[in-house]
Asker: 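For reference, the structure I am asking about is given below.
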Amino acid sequence: MKPDLEKMSREELLDLRTQIDRALESWEARRKAEALKAAEDAARQYGYSLTQLKEVGGKRTKGAPRYRNPNDPSQTWTGKGRKPKWIIEALDAGIPLEKLEI
């Protein structure tokens, strides 16, 4: 039986919305739990845990820094990607990149 929304008061509509939100959250939590169990089962079939599989993709490192700002040693650059402002300023000031190498 569907409620007649047109005949409901504002308070009844707000209560209904709260109930719907709770039901949706519960449904979402159940779906996530099912997905997690399915993923764990699939990993187990191959002899792994999800933790072990997550470690495989791990975060990529930025690489070792090759250049250091002589004015602020905490600033480094790997030589890859966009040049930091301090590198550009040093080059504009006539300092060769080789002088900034670590």
Asker: Restricting to side-chain hydrogen bond (donor to acceptor under 3.5 Å, both in side chains), what partner residues turn up for Q75, sequence neighbours left out?
Answerer: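 N69.
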
Asker: Mind checking whether E34 and R31 have side chains closer than 4.5 Å, heavy atoms only?
Answerer: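 Sidechains of R31 and E34: in contact.
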
Asker: Take D21 and R17 through the side chain to side chain contact (heavy atoms under 4.5 Å, CB included) test and state the conclusion after the steps.
Answerer: CA-CA 6 Å; D21 288 343; R17 179 168 43 181; 3.9 Å; yes

Asker: Just grab all the side-chain hydrogen bond (donor to acceptor under 3.5 Å, both in side chains) pairs involving residues 83-102, residues at least two apart or on different chains.
Answerer: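 The answer is none; no pair qualifies.
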
Asker: Could you list all the ring-ring contact (aromatic ring centres under 6.0 Å, His included) pairs where at least one residue sits in residues 17-36, not counting sequence neighbours?
Answerer: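 Listed once each, the pairs would be none.
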
Asker: Membership question, hydrophobic clusters at under 4.5 Å side-chain separation (ILVMFWY): are I20 and M8 in the same one?
Answerer: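 Cluster IDs for M8 and I20 match.
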
Asker: Looking only at non-hydrogen atoms, find the nearest pair between A43 and L50 and report the distance.
Answerer: CB-CD2, 4.1 Å

Asker: If I compare all heavy atoms of S9 with all of E12, which pair ends up nearest, and what's the gap?
Answerer: N-OE1, 2.7 Å

Asker: Transitive ILVMFWY cluster of I88 at side-chain heavy atoms under 4.5 Å: who else is in it?
Answerer: none

Asker: Between atom CG of L100 and atom CD1 of I95, what is the distance when rounded to the nearest 0.5 Å?
Answerer: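 These two atoms lie 6.0 Å from each other.
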
Asker: Sorted by first residue and then second, give each side-chain hydrogen bond (donor to acceptor under 3.5 Å, both in side chains) pair with at least one member in residues 35-47; sequence neighbours left out.
Answerer: K37-D41, D41-R44

Asker: Is there a path from L16 to L24 through hydrophobic residues (I, L, V, M, F, W, Y) whose side chains come within less than 4.5 Å of each other?
Answerer: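 Looking at the clustering, L24 is in the same group as L16.
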
Asker: Indicate the atoms forming the closest heavy-atom contact of W77 with K80, along with that distance.
Answerer: NE1-O, 3.1 Å

Asker: Closer than 3.5 angstrom, by distance alone: can the side chain of R68 be matched with the main-chain N or O of P73 as a donor-acceptor pair?
Answerer: yes

Asker: From T76 OG1 over to Y67 OH, what is the distance, rounded to the nearest 0.5 angstrom?
Answerer: 12.5 Å

Asker: Who are the side chain to side chain contact (heavy atoms under 4.5 Å, CB included) partners of T18, not counting sequence neighbours?
Answerer: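 Checked T18 against side chain to side chain contact (heavy atoms under 4.5 Å, CB included); matches are R22.
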
